[in-house]
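A short write-up of the structure that comes next.
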Protein chains: 2
Amino acid sequence: MSSTESPSSGPSSGPFPARPAAGLPALRTHNAALVLDLLRTSGADGISRLELAERTGLTPQAVSKITARLRAEGLAAEAGRRASTGGKPRTVLRLVPGAGSAVGLHLDRDALIAVAVDLAGAPLAERRAPLDFASGAEAVVDTAVREVTALRTTLGVDPLGVGVALPGPLDHATGLLHRVTGFPEWDGFALRDVLARRLGVPVVVDKDTNAAALGLALAGATASARDSFAYLHLGTGLGAGLVLGGALHRGARTGAGEFGHQVVQLDGPRCGCGNRGCVEALCLAAVAAGAPDEAARVLGEGAANLVGLLDVDLVLLGGRTVDEDPERYVRGVGAVVRERARRAGAPPAEVRAARGGDRAVADGAAQLLLAPLFGRADAASVAHHGSH
Amino acid sequence: MSSTESPSSGPSSGPFPARPAAGLPALRTHNAALVLDLLRTSGADGISRLELAERTGLTPQAVSKITARLRAEGLAAEAGRRASTGGKPRTVLRLVPGAGSAVGLHLDRDALIAVAVDLAGAPLAERRAPLDFASGAEAVVDTAVREVTALRTTLGVDPLGVGVALPGPLDHATGLLHRVTGFPEWDGFALRDVLARRLGVPVVVDKDTNAAALGLALAGATASARDSFAYLHLGTGLGAGLVLGGALHRGARTGAGEFGHQVVQLDGPRCGCGNRGCVEALCLAAVAAGAPDEAARVLGEGAANLVGLLDVDLVLLGGRTVDEDPERYVRGVGAVVRERARRAGAPPAEVRAARGGDRAVADGAAQLLLAPLFGRADAASVAHHGSH
DNA sequence: CCACTTAAGCAACGGTGTTGCCAAAGTGCA
DNA sequence: TGCACTTTGGCAACACCGTTGCTTAAGTGG
């Protein structure tokens, strides 16, 4: 039983402004997020004030003011100095990872993974439990609440919130589930608000592929500063997460990334969805037939379609099937993508295996809460539930 | 011969900041653009200060200040009053369309269309001329300069700039052309900077499909406030323009929208590009064979792929072939899109014919200059050339 | 030891949207 | 006709943003 009364209301659901106006507070938040993001990506190495100024375009003085605020809030700290270049040496600033944490919850058809991560995205704790979507919403929510609560007690401090990632079609903005494939009784379930009420912390829900892509977008920042890429997930199904211009692209109704049922063979074999010639059907059939190279080729054609349409320059492959033989899929998909790019006269997109293993989705789910801190997403569609 | 010396330099090409920091001027511009956009979309009806405040989220007082500035600059004006609701009646504000103008230039393989439009996008003048890409860059540029200059003299006032739209692959950010299909000598031509130098006004270049999509995004605002849609252009080729989240999606290298060479039939008939089973090849073959319904079906499968991947809720069809029998294509494509959406359990995207006829691209090209005023695009990738 | 260089903070400033208050301009009822 | 009331919109003071000019801190090198 919760001590609060209002069922939960998104921050902006009324006669919404087409595009939001900005005031001084928005400006302040924006620039602080910018600085915080640079602190995050520079990791343990840290970054100096002047470097921050160069990278953001802000005045050194402005950076000083902003970092002073961040230090006062405990989000940043000084950490040594750089070698002098003939004058006063630069002071190195670092993100304080322990200043906050978030929980990521991956609800899969048969298993649950709950993780806690710090501000830097580093793992703090993890729990796993079996799950059965068919047992209904109540049972699944009970399990989720139990695992998250256990995670929170081992954690000691309250997390910023809980990010939940799961397969089916759902609406990120409202937190409602739609017809989760194969489980019609989930249709219309207000997962976000129910969890927010029972857990007493902010909750965000998103598709599993979106969460994974977001996680990769933030984790990979150190390695490749690419701001657009596609994550293709090949497991029991085939889906995609799209990061365009540094932000997750969810589409009008969080439906973006329906990659599996792209038709790549007109009048081809019937797919479970009713279409003919879906990539997913062809791909999974090839895998089942023990022809992974053919599966990779088919996936490659789908990937090349996507690359051409969106002009992303990086494709990341993941999911159980890929993880069994990453090199083969990277090679097979890469070959098709490169060949198609060559024919189009365009520079080829890079194809790589996504890292993260089976924690990738849960880690990404946690980032649903952290990303707004770093200005990587709009903070909308978070269900708050005042509890203190 | 130009009186200026520096060849032209984009405003931000150096060691660029990952994401730009914002200051007070940026804030001011942002909010002014917001207000200006609402003035534009409300057209001749006008809009009151309090309505602007509600729609933007700004305080009425802030709106008063902003509109006062806009009126001082001649961009807005008072235009009558509304009926009273028991108190002082609201004063209606209107955009002053004549306060500025822009030129749009559509360079097609065999023809040139140059248009001048006012701030509201309404046509002011138009010129047409034959063109031949094969005659080389110099000749084409000469023709373009001649027609634009003629347009400017009939116009009387200096336009804000010239937007140029043309088919081939090109880079919007640098203004360089790449290997324009069939005309290798255009590869690497700095069209934007050459035109900016010869015309003495800011110039932007973009793909024809992108320009058309941008034009539709701004023109259609009155009818449907959809902020994401895809424009599919079926003419001598097949291409797409994508508007995602209110902004044109160009991709990493302005390559986005390569829709024609999406493979929808693995190992299908060979396309001119070298792939097998491209939508474009199948579609054009069906058209040539006198089977427009089959062409519409193929196009529909491609469109449904796109809708599923990006979750846009509107598809606009245009181009010479579509314009010959719009209803047939809208019906055929719509049928496939609706059926595929039904199977996926998603609300179907709407399919409509794009308006604008053969002026659509030129009108959209002009919007490349106007859109930044209304906050609809980043003002980057404009080649200025100080001339006064 | 001192001149020089580089980093970072203090203080004043211009300019943003916001708040509190008041004038202007209508309606509606006595 | 007069007066109370409602609603609009501007004026003035304000808090707070990043910026500018200058000073102080903290090093190197001759």
Side-chain angles (χ1 to χ4, degrees), chain A residues 17 19-36 38-39 42 46-73 76-94 375, chain B residues 17 19-36 38-39 42 46-73 76-94 375:
Chain A
R19 278 176 297 161
L24 263 42
L27 196 88
R28 172 197 177 113
T29 306
H30 173 82
N31 288 335
L34 236 52
V35 170
L36 215 46
L38 286 172
L39 287 171
S42 59
I47 186 169
S48 71
R49 287 181 179 80
L50 277 137
E51 233 173 313
L52 286 169
E54 284 168 21
R55 299 274 297 267
T56 56
L58 291 164
T59 330
Q61 182 60 24
V63 172
S64 274
K65 282 188 178 181
I66 292 169
T67 54
R69 285 199 300 261
L70 294 176
R71 285 195 301 153
E73 294 169 23
E78 299 196 338
R81 331 191 123 176
R82 288 231 203 287
S84 166
T85 60
K88 177 174 175 177
R90 301 184 171 184
T91 313
V92 173
L93 297 171
R94 228 175 13 83
Chain B
R19 280 175 296 160
L24 263 43
L27 197 99
R28 174 196 176 112
T29 308
H30 172 83
N31 287 336
L34 235 53
V35 170
L36 215 46
L38 286 172
L39 287 170
S42 59
I47 187 170
S48 72
R49 287 181 179 79
L50 269 89
E51 235 174 312
L52 286 169
E54 283 169 22
R55 300 272 299 264
T56 57
L58 291 165
T59 332
Q61 182 61 25
V63 171
S64 274
K65 283 189 178 177
I66 292 169
T67 53
R69 284 200 301 260
L70 294 177
R71 285 195 301 154
E73 293 167 25
E78 299 195 339
R81 332 191 123 176
R82 287 252 155 76
S84 166
T85 60
K88 177 172 175 177
R90 302 184 170 183
T91 313
V92 173
L93 297 171
R94 229 176 12 83

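Order of the sequence lines fixes the chain letters, A, B, ..., with proteins taken first and strands second; residue numbering starts at 1 for each chain.
Rounded to the nearest 0.5 angstrom, A/I66 CD1 and A/R49 CZ are separated by 12.0 Å. Remark: B/L58 CG to B/N31 CG distance equals 5.0 Å, nearest 0.5 Å. Taken from CZ in B/R90 to CD1 in B/I47, the straight-line distance is 10.0 Å, to the nearest 0.5 Å.
Taking atom NZ of residue B/K88 and atom P of nucleotide C/dC22, one finds them 17 Å apart after rounding to whole Å. In this structure, NZ of A/K65 is placed 11 Å from C1' of D/dT20, rounded to the nearest angstrom. Note: CZ (A/R82) to P (C/dT6) measures 17 Å, nearest angstrom. The distance from atom CZ of B/R90 to atom C1' of C/dT27 is 15 Å, rounded to the nearest whole Å. Per the geometry, CZ belonging to B/R69 stands 11 Å off P belonging to C/dG15, to the nearest Å. Distance, B/L58 CG to D/dT8 P: 17 Å, rounded to whole Å. One can place CZ of B/R28 at 8 Å from P of C/dG17, the figure rounded to the nearest angstrom. The distance from atom CG of A/L24 to atom P of D/dT19 is 12 Å, rounded to the nearest whole Å.
Between A/A32 and B/S64, the residue anchored nearer the 5' end of DNA chain D, judged by the nucleotide with its closest heavy atom, is B/S64. Annotation: of the two residues near DNA chain C, B/I66 and A/T67, the 5′-most nearest-nucleotide partner is A/T67. Both A/R71 and A/G87 lie near DNA chain C, and the one whose nearest nucleotide falls closer to the 5' end is A/G87.
B/T59 comes within contact range of at least one nucleobase, with a heavy-atom separation under 4.0 Å. B/P89 comes within 4.0 angstrom of the backbone, heavy atoms only, and of no base.
Between the side chain of A/T59 and the backbone N or O of A/A62, no donor-acceptor pair lies under 3.5 Å.
Checking C/dG20, C/dG9, D/dG9 against the side-chain heavy atoms of B/Q61 singles out C/dG20 as nearest.
Applying the 4.0 Å criterion to OP1 and OP2 of D/dG27, one finds that A/R81 has a side-chain N or O inside that range. Side-chain N/O atoms of A/T85 include none lying less than 4.0 angstrom from OP1 or OP2 on C/dT6. When the side-chain nitrogen and oxygen atoms of A/T91 are compared with OP1 and OP2 of C/dA7, none of them lie within a distance under 4.0 Å. In terms of phosphate contacts, A/N31 brings no side-chain nitrogen or oxygen within less than 4.0 Å of OP1 or OP2 of D/dC17.
Put simply, the side chain of B/L24 reaches to within 4.5 Å of the side chain of A/L27, judged on heavy atoms.
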